[in-house]
Amino acid sequence: MSTIEERLRKHSPKSPSKWKEKAEWRQKNKSWLRYSQFVAIRMLDQMAIEGLTQKTLAERMGCSQQYVSKILKGQENLSLETISKIEEALSLELFPKTLEVA
């Protein structure tokens, strides 16, 4: 074995990479991930405008700062309840709410 190969083996991770699984997961969940990323971007924009921290937003939403952080990563499958809390906490309308009742 060459010296270069030995060095590479010393610095290679002990566990195999999960890049393929992660890429497959993103592809499989692409449709709802787009919405999650859209929400995260709108939240970040509004937080910047208002000068809010994740902690302050969490207090407004009644959840933990860690959960707000997960949402802001744009990979959280959000419930309608959470979307509503985000809209109320940031005075945003993320999705139109006009419903025709016959």
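The model shown is predicted, which means the values in this text are computed figures rather than measured ones.
- Shown are K55, E59, M61, Q54; of these, the side-chain contact (heavy atoms from CB on, under 4.5 Å) with L57 is made only by M61.
- Distance OG1/T56 to CD/Q65: 10.0 Å, rounded to 0.5 Å.
- K30 NZ to Q27 CD: the interatomic distance, rounded to the nearest 0.5 Å, is 4.0 Å.
- Distance check, rounded to the nearest 0.5 Å: OG of S91 to CD of E93 gives 11.5 Å.
- Between the CD atom in E5 and the NZ atom in K10 there is a gap of 13.5 Å [rounded to 0.5 Å].
- In terms of hydrophobic clustering, with Ile, Leu, Val, Met, Phe, Trp and Tyr side chains grouped at heavy-atom distances under 4.5 Å, L94 and L90 are assigned to a common cluster.
- The aromatic rings of F95 and F38 sit tilted, their planes meeting at an angle between 30° and 60°.
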Please report, to 0.1 Å, the donor-acceptor pairs under 3.5 Å made by any side chain of residues 68-84, with sequence neighbours excluded.
{"residue": "S79", "atom": "OG", "partner": "E81", "partner atom": "N", "Å": "3.4"}
{"residue": "S79", "atom": "OG", "partner": "T82", "partner atom": "N", "Å": "3.1"}
{"residue": "S79", "atom": "OG", "partner": "T82", "partner atom": "OG1", "Å": "3.0"}

Contacts table for residues 44-52: side-chain donor-acceptor under 3.5 angstrom, sequence neighbours left out:
{"residue": "Q46", "atom": "NE2", "partner": "E50", "partner atom": "OE2", "Å": "2.9"}
{"residue": "E50", "atom": "OE1", "partner": "R60", "partner atom": "NH1", "Å": "3.0"}
{"residue": "E50", "atom": "OE1", "partner": "R60", "partner atom": "NH2", "Å": "3.4"}

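- Listed for the S36 side chain is no donor-acceptor partner under 3.5 Å among the backbone atoms of L33.
- Residues Y67 and V39 share a single hydrophobic cluster, defined by chaining ILVMFWY side chains whose heavy atoms lie under 4.5 Å apart.
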Point to revise | Derivation and outcome, side chain to side chain contact (heavy atoms under 4.5 Å, CB included), residues E88 and K85 | key: CA-CA 5 Å; E88 287 180 31; K85 287 180 179 182; 5.8 Å; no
